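This is a predicted model, so every value here is computed, not measured. Every chain is numbered from 1, with letters handed out A, B, ... down the list of sequences. Scope of the values below: all heavy atoms of this structure, side chains included, with no hydrogens, waters or symmetry mates.
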4 protein chains.
Amino acid sequence: MAGSNYGTAFRISTFGESHGPGLGVVIDGCPAGIDFDEDFIQAELARRKPGQSRLVTQRKENDGVQILSGVFEGKTTGTPIGMVIYNEDQRSKDYGHIFDKFRPSHADYTFQAKYGIRDYRGGGRSSARETAARVAAGAVAQLLLRKVGVEIKSYVSQVGNITLPQDYADLDLDLIESNDVRCPDPATAALMEEEILAVRKDGDTIGGVVTGLIRGVPPGWGEPVFDKLHAELGKAMLSINACKGFEYGSGFAGVTLRGSQHNDGFYQDEEGRVRTHTNRSGGIQGGISNGEDIYFRVAFKPVATIIQDQTSINEDGETVIVSGKGRHDPCVLPRAVPIVDNMAALVLADFCLRARSGQW
Amino acid sequence: MAGSNYGTAFRISTFGESHGPGLGVVIDGCPAGIDFDEDFIQAELARRKPGQSRLVTQRKENDGVQILSGVFEGKTTGTPIGMVIYNEDQRSKDYGHIFDKFRPSHADYTFQAKYGIRDYRGGGRSSARETAARVAAGAVAQLLLRKVGVEIKSYVSQVGNITLPQDYADLDLDLIESNDVRCPDPATAALMEEEILAVRKDGDTIGGVVTGLIRGVPPGWGEPVFDKLHAELGKAMLSINACKGFEYGSGFAGVTLRGSQHNDGFYQDEEGRVRTHTNRSGGIQGGISNGEDIYFRVAFKPVATIIQDQTSINEDGETVIVSGKGRHDPCVLPRAVPIVDNMAALVLADFCLRARSGQW
Amino acid sequence: MAGSNYGTAFRISTFGESHGPGLGVVIDGCPAGIDFDEDFIQAELARRKPGQSRLVTQRKENDGVQILSGVFEGKTTGTPIGMVIYNEDQRSKDYGHIFDKFRPSHADYTFQAKYGIRDYRGGGRSSARETAARVAAGAVAQLLLRKVGVEIKSYVSQVGNITLPQDYADLDLDLIESNDVRCPDPATAALMEEEILAVRKDGDTIGGVVTGLIRGVPPGWGEPVFDKLHAELGKAMLSINACKGFEYGSGFAGVTLRGSQHNDGFYQDEEGRVRTHTNRSGGIQGGISNGEDIYFRVAFKPVATIIQDQTSINEDGETVIVSGKGRHDPCVLPRAVPIVDNMAALVLADFCLRARSGQW
Amino acid sequence: MAGSNYGTAFRISTFGESHGPGLGVVIDGCPAGIDFDEDFIQAELARRKPGQSRLVTQRKENDGVQILSGVFEGKTTGTPIGMVIYNEDQRSKDYGHIFDKFRPSHADYTFQAKYGIRDYRGGGRSSARETAARVAAGAVAQLLLRKVGVEIKSYVSQVGNITLPQDYADLDLDLIESNDVRCPDPATAALMEEEILAVRKDGDTIGGVVTGLIRGVPPGWGEPVFDKLHAELGKAMLSINACKGFEYGSGFAGVTLRGSQHNDGFYQDEEGRVRTHTNRSGGIQGGISNGEDIYFRVAFKPVATIIQDQTSINEDGETVIVSGKGRHDPCVLPRAVPIVDNMAALVLADFCLRARSGQW
């Protein structure tokens with residue numbers, strides 16, 4: 001009934017607080033025989049970790065992952081994979097000033113209301129630090145997806161009012177990692193970087209959008225009527241800290257079109273594959289992949305922690321001033337990219353395995 | 001592993017095709033002792049059923065629901081509630097012209113690819129007729145939610161390019177049912193109606209947006225980190241036929257704000273309740289309700305069935321003309337409103353019960 | 001959180017009370033393309049139904065099943081299969097004499113304590129009538145298992161003190177249906193029948209044991225560490241009304257053996273298959289099938305309803321006399337056989353599909 | 001679809017192999033505010049650990065548990081509790097002699113058949129070492145159950161042919177820990193000890209029975225129709241390594257009784273509580289607790305590892321001699337007691353929370 005697990009066939013259970021001893025994840029259901037590339041997992045964690053560039057928080061965490069089980073002689077064994085990341089930079093003393101305060105637009109109040117108790121240090125379980133466990137698990141999911149030719153590429157397509165004008169098809173996605181923003185268009189990336197630094201200088205924060213792209217999914221993944229492929233993708237993205245919206249294919253903009261403009265006509269290509277001329281469906285029809293590219297957009301609000309005084313209340317209902325301190329993210333977007341990638345991987349690995357059980 | 005069930009504590013399992021003998025739902029986990037208002041369930045089904053106004057398909061279905069179990073002497077007994085709706089207007093002959101064709105932007109191809117077989121009559125399981133079972137179950141969820149003071153009100157806020165200018169707070173939501181569009185502003189409703197009729201005249205279709213509003217949810221509902229309240233709401237909405245996007249609170253528009261503009265400061269009101277001055281959080285913080293109004297927007301694409309010739313292929317890959325016939329919906333939005341209401345009710349009833357098991 | 005569903009991949013959700021309008025089941029996860037033999041389903045229900053012989057209750061129910069969905073042109077479509085059995089012989093008036101009484105060793109008191117309300121007519125949800133839905137679903141599971149060569153044969157091996165002396169290997173299992181007891185040894189069956197009729201004459205009841213046998217399961221089914229094949233089999237059997245115990249392989253008797261006597265040595269047979277010389281493991285090692293016969297024993301207590309006056313209390317705690325009436329089962333064993341068969345089928349179909357998702 | 005998780009509301013996910021870096025468990029769903037008695041958890045692990053007496057394996061493992069999350073200032077916070085136990089005594093070299101052999105009545109062959117790969121060191125995931133994680137989680141469940149007055153006491157009631165003659169009601173259960181066998185009758189315990197030492201001397205092993213007793217469960221726990229209280233208890237027990245059978249209440253012996261002998265008549269006691277005169281129901285009726293003592297018996301086969309040469313085959317199908325080495329358990333019964341206790345605790349904690357969500 002609690003909600004720290006995800007997936008049906010490729011099932012994960014995460015744990016850990018921002019400032020406790022450590023966090024981690026158990027994967028139950030990863031098939032046997034997958035080459036276990038620990039370096040790749042570590043590399044994905046490095047893309048998410050704090051301190052990686054001047055655009056993100058300067059906290060220091062190595063985020064070294066320890067594999068405790070489920071791997072033998074370099075391959076998965078089909079048994080649960082336990083992974084732990086110890087917290088290094090705990091500095092509990094930093095949080096004495098907010099232990100009884102409800103920071104605006106944080107989860108301090110709701111955790112207190114729900115549980116009657118909370119680990120206030122760094123937001124405890126509500127901290128985005130929790131996503132490290134998701135990234136570790138998602139990286140394993142990516143290892144599985146590689147075997148069936150599925151590739152996931154997300155990138156930052158908007159920061160504040162700065163919007164990437166091109167569609168994914170017109171971009172060189174190999175450039176995503178070429179800059180600190182993770183925007184594949186260098187010119188736009190430069191503008192975004194400028195904006196983020198300006199915002200940081202003001203002690204403020206800014207939101208943005210990540211665009212996700214998934215290639216190589218064969219027709220037939222997704223489980224109607226509730227566990228539609230895009231519905232689970234949406235849930236997965238919305239479960240990421242600071243996410244406020246999700247759309248796929250034509251999205252919100254598509255509502256103004258007429259059916260005659262919006263429909264994707266089918267044709268058969270030269271290899272005999274069923275294809276569509278256009279792809280407003282976003283690679284998914286009736287909740288099932290149709291073999292076309294899957295693309296979607298994920299909205300992230302500005303981070304709630306700002307380096308400005310804000311008025312709020314404490315647990316006793318008294319008015320207090322909340323003052324942000326030092327090492328926060330002015331914009332989560334650059335670090336959100338690997339989280340989006342790996343949450344998508346968790347969704348797809350699960351559907352990959354679910355599709356197998358239903359095929360006769 | 002299949003996906004026709006939803007919920008953890010208030011769990012439903014739906015079944016049924018558009019043109020089979022019938023469809024229905026089993027609810028497992030509805031608490032005992034709830035007054036079972038069968039008329040209300042039937043009234044909710046009437047809001048969804050075809051033929052209710054000139055804005056929707058003119059197919060005829062009474063959608064009379066039969067209660068098979070779980071209710072005794074007017075009250076729920078805590079045992080599973082089985083409900084069946086028999087299909088009356090089956091007219092299988094209507095579908096001979098499409099039995100081997102893949103209609104553009106329908107799920108014909110993906111169902112064929114996934115299962116190797118499909119009930120092509122009226123879209124079979126992929127037909128929006130399936131949502132009747134959701135509405136029946138959601139109406140029971142609403143009966144449960146009434147007991148804890150939760151109320152759900154959705155309405156049409158956009159049809160094509162016609163957008164309702166007011167926020168929900170500035171609208172009289174008692175007017176939702178005052179017109180066929182289900183838009184609470186009569187002037188905008190009239191424009192929307194005009195647009196829908198124009199589209200219908202062209203044999204075409206148009207999309208739109210439903211805005212959802214939930215009032216009375218106490219602080220503490222929602223289960224981090226994956227089953228956040230808004231993540232499950234998003235999944236539930238995205239699982240509705242034709243849905244392309246979901247946002248809550250400040251949504252996609254909020255990404256352009258700075259944290260200092262976006263944050264919702266806390267205060268204590270005169271009754272000692274913790275409140276926020278603004279509500280860009282949309283009533284949810286860290287995935288848990290904070291007691292404020294929950295609001296969200298759901299995008300629906302234009303219906304794929306149009307009364308125009310379209311080019312597509314059949315199962316053999318041959319190019320064919322698909323010609324829509326008679327009784328389709330020019331715009332799903334009016335009928336989507338009760339579906340949004342009742343899917344939201346299913347999400348909330350589930351979280352209501354989940355919250356109980358965790359409270360000590 | 002309620003418990004009227006079973007299975008992970010081949011998942012069923014049952015509903016229905018003894019004297020409500022009807023009962024039924026939804027199967028979510030049955031693969032597409034299975035020949036749907038409705039006559040077989042009906043035949044399995046006939047093996048369970050009341051009135052089939054003089055050894056069982058003389059209540060009349062045809063138990064005709066109606067298929068509402070998931071089947072098209074004689075084959076399963078991969079979508080949920082909804083099935084309903086309407087109750088015909090409701091006779092609510094029969095139950096006026098017990099509506100507020102707690103019958104000894106029935107579930108009247110515990111349902112009242114748990115739910116605060118109960119449908120007292122014929123035991124409501126706690127009636128063994130509920131197993132009709134399991135049999136219908138299990139029969140579909142058997143159709144699936146046929147495709148992979150799995151066969152299930154259960155029979156009565158004990159009634160009261162009358163015990164079948166032979167092991168399953170020394171019996172002609174084609175004789176199970178040759179007598180009303182469903183014991184494959186005619187001589188023992190005659191003794192059992194005599195005992196049951198004697199018990200009936202006394203207005204009393206008697207317990208017994210069903211032995212289950214499963215042939216053709218390939219190595220590799222079962223999911224350690226909690227969902228071991230025998231653990232799920234045990235749960236499934238124990239969930240049947242009146243079941244008090246389960247053992248498999250060497251069972252309780254095996255505890256007196258030494259390891260050197262108990263161990264099953266491996267060898268390779270002429271076709272290269274790995275086999276064991278003996279089979280005290282009961283076809284399961286470490287919770288996973290090893291390809292040998294799976295066998296188990298299920299204990300059923302004497303039916304609680306007897307035609308004798310018993311002292312008990314009513315809802316107000318007052319001492320009352322409970323007097324059994326007419327049409328009860330003197331011994332559930334003959335009717336338990338198809339229930340054991342079909343519960344085993346549900347367990348195996350589920351593991352069959354689960355094994356598929358994990359194989360790479 | 002994999003099976004290393006248990007529970008619905010109090011849900012655990014375990015991981016770890018016998019000779020990998022470590023094993024552990026994540027508990028998702030433990031309510032907030034429970035006093036976290038780490039010493040008690042460690043004490044329960046000590047009851048299970050090897051080397052605790054001369055009756056068990058002399059392997060050395062401290063089984064020190066590290067708490068990684070979910071606890072703050074001595075109390076549970078409602079967030080997942082991650083626990084790790086590092087393996088100290090790995091000695092992989094010990095296992096070179098069996099790496100490609102299928103030991104009789106072990107899970108070597110079935111793991112190989114299922115996964116195509118296995119960690120052969122000490123049985124890997126199929127080792128009973130895995131139960132350490134269950135004990136750690138079950139100890140937390142016991143902390144929860146303490147708050148509602150539920151107490152679990154299991155003990156050894158049979159070793160080989162030596163049977164404890166008394167019923168639980170005639171025993172002083174405070175004596176369970178007074179001897180190394182964990183049999184509360186000192187005289188019988190001495191005989192059992194003698195038997196175990198004789199078996200050990202022969203390099204052999206012997207089975208036995210654990211009787212479980214649960215006191216203080218209020219009426220209303222258990223979820224019909226599949227998740228009956230005794231069905232889940234049975235599954236939990238059968239999932240323990242070496243378990244071959246489960247019975248509760250009158251069990252297998254009860255099948256020879258007549259209904260008139262077996263039924264438990266109700267009465268109201270002086271405090272107004274509904275009670276039964278006898279308790280052949282074993283505290284459970286219709287799958288729901290009735291407030292009486294819950295008791296059950298669990299059969300364990302003799303351990304498969306013996307210090308004698310046995311004939312078997314290797315992965316290539318060649319006949320080989322398997323020779324047991326040093327440090328094995330001649331009888332699992334003494335160490336099975338805390339495992340039975342803690343598996344029962346996991347079952348009950350889950351039903352405790354599930355009952356809450358259904359009560360209105």
Contacting moiety of D:Ser250, where chain C heavy atoms sit under 4.5 Å: both

Minimum heavy-atom distance D:Phe266-C:Ser105, with the two atoms named: CE1-N, 4.3 Å

Close side-chain approach of C:Lys228 to D:Leu238, heavy-atom, < 4.5 Å: no

Structural part of D:Asp316 lying under 4.5 Å from a heavy atom of chain C: backbone

Minimum side-chain heavy-atom gap C:Tyr109-D:Thr276 below 4.5 Å: no

D:Thr256 side chain reached by C:Gln158 side chain, heavy atoms, under 4.5 Å: yes

Contacting moiety of C:Thr319, where chain D heavy atoms sit under 4.5 Å: neither

Proximal component of C:Val225, with respect to chain D [non-hydrogen, under 4.5 Å]: both

Largest heavy-atom contact set with chain C, pairs under 4.5 Å, which of D:Val274, D:Asn161, D:Val322: D:Val274

Most chain C-contacting option - heavy-atom pairs closer than 4.5 Å, from D:Thr8, D:Asp264, D:Thr14: D:Asp264

4.5 Å side-chain heavy-atom contact, C:Pro219 and D:Lys114: no

Residue, of D:Ala299, D:Gly317, D:Gly234, that accumulates the most heavy atom pairs under 4.5 Å with chain C: D:Ala299

Per-residue contact mode, D:Asn5 against chain C (heavy atom under 4.5 angstrom): backbone

Top contributor to chain D contacts, counting heavy-atom pairs under 4.5 Å, from C:His277, C:His106, C:Lys244: C:Lys244

Greatest number of heavy atom pairs closer than 4.5 Å to chain D - which of C:Gln308, C:Gln112, C:Glu130, C:Gln310: C:Glu130

Interface residue of largest heavy-atom contact number with chain C, from D:Leu257, D:Thr311, D:Asp108, under 4.5 Å: D:Leu257

Residue C:Gln261 versus chain D: region with a heavy atom under 4.5 Å: neither

Pairwise distance OG(C:Ser260) to CD1(D:Ile307) - rounded to 0.5 angstrom: 12.0 Å

Where D:Ile288 and C:Thr110 come nearest, the two heavy atoms and their spacing: O-CG2, 3.4 Å

Interchain contact, D:Ile240 with chain C, by part (heavy-atom threshold 4.5 Å): backbone

Contact leader toward chain D among C:Ser126, C:Cys243, C:Pro104, where contacts are heavy-atom pairs under 4.5 Å: C:Pro104

Residue part contacting chain D, namely of C:Asp204, when any heavy atom lies under 4.5 Å: side chain

Residue selection (most heavy-atom pairs with chain D, distance under 4.5 Å) from C:Gly286, C:Gly245, C:Ala9, C:Gly116: C:Gly245

For chain D, the option from C:Gln268, C:His262, C:Lys235 that forms the most heavy-atom pairs under 4.5 Å: C:Lys235

Proximity breakdown for D:Ile306 and chain C, heavy-atom pairs closer than 4.5 Å: side chain

Partner chain C: residue of D:Leu333, D:Thr131, D:Ile313, D:Thr305 with the largest heavy-atom pair count (under 4.5 Å): D:Ile313

Under 4.5 Å from a heavy atom of chain D, the part of C:Cys331 involved: neither

Pairwise distance CD(D:Glu247) to CZ(C:Arg297) - rounded to 0.5 angstrom: 10.5 Å

Shortest non-hydrogen separation from C:Gly254 to D:Pro302 and the atoms involved: O-CD, 3.5 Å

Heavy-atom pairs under 4.5 Å with chain D, option from C:Gly251, C:Gly282, C:Gly265 with the top count: C:Gly251

Under 4.5 Å from a heavy atom of chain C, the part of D:Met237 involved: neither

Expected output: side-chain D:Asn263 to main-chain C:Ala304 donor-acceptor under 3.5 Å: yes

Best-contacting candidate, D:Gly287, D:Ala107, D:Gly272, D:Gly259, against chain C by heavy atom pairs under 4.5 angstrom: D:Gly259

Interchain contact, D:Ser281 with chain C, by part (heavy-atom threshold 4.5 Å): both

Contacting moiety of D:Arg134, where chain C heavy atoms sit under 4.5 Å: side chain

Heavy-atom proximity to chain C below 4.5 Å, by part of D:Phe300: backbone

Close side-chain approach of C:Phe246 and D:His230, heavy atoms under 4.5 Å: no

Which portion of D:Val199 sits near chain C, non-hydrogen atoms under 4.5 angstrom: both

Heavy-atom check, side chain of D:Met1 versus side chain of C:Asp227, under 4.5 Å: no

Heavy-atom closest contact (C:Ser239 atom, D:Phe226 atom, distance): CB-O, 3.5 Å

Part of C:Thr278 within contact of chain D (heavy atom distance under 4.5 Å): neither

For D:Asp202, all residues meeting side-chain hydrogen bond (donor to acceptor under 3.5 Å, both in side chains), sequence neighbours excluded: C:Arg258

